[in-house]
Amino acid sequence: MTRQEAKNELREIKMMDSRIRSIELEIERIEAVATKMTPSYDPNKTMNGYHNKIEEALIKKEEYRKRLAKWLVRQLDYKNRCLNKIEMIEPGSLQQFLIYYYFDSMTMEQIAERIDRTPRWTYELFCSALDEYAKISENF
């Protein structure tokens, strides 16, 4: 496995996080729309249209909740598989770079600040961590 392939494999973690967040936002949006639905009082009109819209919103919300649950299970499984590989990286200090970047969503600048190194030095260590991850992935 090349460094780029390792990077692509780990990047999927961030993509899953993004998908999950978008589903969560859609659930929040549906809840907001549903709570704003109020019937207008007109004794000559029936409430069926109103109830149908609420029912549709609840059904849609439940569909998104099921989708969210599936993504959370996929994400957990994927993260565990990646972490198993990361835990094999030697020296152990390189592991933290991948965890900070892919699991904690830190930028290179934030990582550099945290470890008290220059961004350039941090990037070089990050590349070394990716190379080690790629080597381990070949044997995994």
Side-chain angles (χ1 to χ4, degrees):
M1 176 180 275
T2 66
R3 179 188 298 166
Q4 187 60 45
E5 290 170 328
K7 200 174 193 179
N8 290 341
E9 184 173 300
L10 289 165
R11 189 178 292 143
E12 185 64 29
I13 293 168
K14 287 186 173 197
M15 292 171 68
M16 285 181 169
D17 287 342
S18 178
R19 286 184 196 118
I20 287 169
R21 184 66 191 137
S22 69
I23 294 169
E24 290 170 338
L25 289 172
E26 188 60 23
I27 291 169
E28 288 175 21
R29 188 193 67 76
I30 291 169
E31 288 172 345
V33 168
T35 56
K36 288 180 182 177
M37 288 183 196
T38 55
S40 58
Y41 181 71
D42 185 348
N44 298 323
K45 291 185 178 179
T46 87
M47 296 281 286
N48 283 343
Y50 169 74
H51 287 296
N52 287 342
K53 287 185 180 188
I54 294 281
E55 205 172 300
E56 287 173 20
L58 291 173
I59 289 169
K60 197 172 196 177
K61 180 180 165 183
E62 187 57 32
E63 288 171 0
Y64 276 101
R65 285 193 184 280
K66 288 178 183 177
R67 188 180 302 170
L68 177 62
K70 287 179 184 177
W71 273 105
L72 288 170
V73 168
R74 281 184 199 162
Q75 180 193 42
L76 182 62
D77 179 56
Y78 196 81
K79 281 184 171 183
N80 282 335
R81 283 187 281 137
C82 291
L83 271 174
N84 287 337
K85 294 177 188 178
I86 290 171
E87 289 173 347
M88 296 175 159
I89 294 174
E90 291 295 331
S93 59
L94 291 179
Q95 298 172 9
Q96 204 59 47
F97 290 97
L98 299 178
I99 292 170
Y100 283 153
Y101 190 76
Y102 292 106
F103 290 80
D104 297 341
S105 298
M106 293 174 71
T107 64
M108 283 296 156
E109 291 77 18
Q110 291 170 326
I111 296 170
E113 189 176 310
R114 177 169 274 180
I115 64 169
D116 198 29
R117 299 277 187 222
T118 65
R120 179 69 188 148
W121 179 252
T122 303
Y123 182 75
E124 288 178 22
L125 290 173
F126 178 75
C127 288
S128 296
L130 283 173
D131 290 339
E132 290 301 314
Y133 183 89
K135 286 179 196 172
I136 288 166
S137 293
E138 287 177 356
N139 301 323
F140 207 77

Task: With Asp77, the salt bridge (Lys or Arg N to Asp or Glu O under 4.0 Å) member among Lys79, Arg74, Arg81 - done: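 Among Lys79, Arg74, Arg81, the one that satisfies the salt bridge (Lys or Arg N to Asp or Glu O under 4.0 Å) with Asp77 is Arg81.
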Report the distance from atom [atom1] of [X] to atom [atom2] of [Y], rounding to the nearest 0.5 Å.
X	Y	atom1	atom2	value
Ile89	Ile99	CD1	CD1	8.5 Å
Ile59	Lys61	CD1	NZ	13.0 Å
Ile136	Ile86	CD1	CD1	9.0 Å
Trp71	Ile20	CH2	CD1	7.5 Å
Cys82	Leu98	SG	CG	9.5 Å
Ile111	Ile115	CD1	CD1	7.5 Å

Open item on the list: One pair to check against salt bridge (charged side-chain N to carboxylate O under 4.0 Å, His left out): Arg19 and Glu24. What are the steps and the verdict?
Closed with: CA-CA 9 Å; Arg19 286 184 196 118; Glu24 290 170 338; over 6 Å; no
Lys/Arg N to Asp/Glu carboxylate O, [X] vs [Y], below 4.0 Å:
X	Y	result
Glu124	Arg120	yes
Lys135	Glu138	no
Arg29	Glu26	yes

Measure across [X] and [Y] and return the closest heavy-atom pair with its distance rounded to 0.1 Å.
X	Y	answer
Asp17	Tyr102	OD2-O, 4.4 Å
Ile30	Tyr64	CD1-CD1, 3.6 Å
Leu94	Leu125	CD2-O, 3.6 Å

Task: Side-chain donor-acceptor pair present, Glu12, Asn8, cut-off under 3.5 Å - done: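 Asn8 and Glu12 do not have a side-chain donor-acceptor pair below 3.5 Å.
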Establish whether [X] and [Y] are linked, either directly or via other cluster members, by ILVMFWY side-chain heavy-atom contacts under 4.5 Å.
X	Y	answer
Leu25	Leu58	no
Leu130	Met15	no
Met16	Ile27	yes

- [ ] For the pair Val73 and Lys70, evaluate side-chain contact (heavy atoms from CB on, under 4.5 Å) and give the outcome as yes or no after the intermediate values.
- [x] CA-CA 5 Å; Val73 168; Lys70 287 179 184 177; 5.9 Å; no
Open item on the list: For Glu113, is the CD atom crowded, meaning more than 12 foreign heavy atoms sit under 6.0 Å from it?
Closed with: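 No, because the 6.0 Å sphere around CD of Glu113 holds 12 heavy atoms or fewer from other groups.
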- [ ] Please determine if Lys7 forms a cation-pi arrangement with Phe126, meaning its NZ or CZ atom is less than 6.0 Å from the six-membered ring centre and no more than 45° off the ring axis.
- [x]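 Verdict for Phe126: no cation-pi partner in Lys7.
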Task: Test item: Leu83 and Phe103 side chains (from C-beta on) under 4.5 Å apart, heavy atoms - done: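 Yes, side chains in contact.
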TODO: Would you please test Tyr133 and Glu9 for side chain to side chain donor-acceptor pair (under 3.5 Å) and show each step?
DONE: CA-CA 10 Å; Tyr133 183 89; Glu9 184 173 300; 2.5 Å; yes
Open item on the list: Applying the side-chain contact (heavy atoms from CB on, under 4.5 Å) criterion to Tyr100, which one of Gln110, Gln95, Met108, Met106 satisfies it?
Closed with: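 By the side-chain contact (heavy atoms from CB on, under 4.5 Å) criterion, Tyr100 pairs with just one of Gln110, Gln95, Met108, Met106: Met106.
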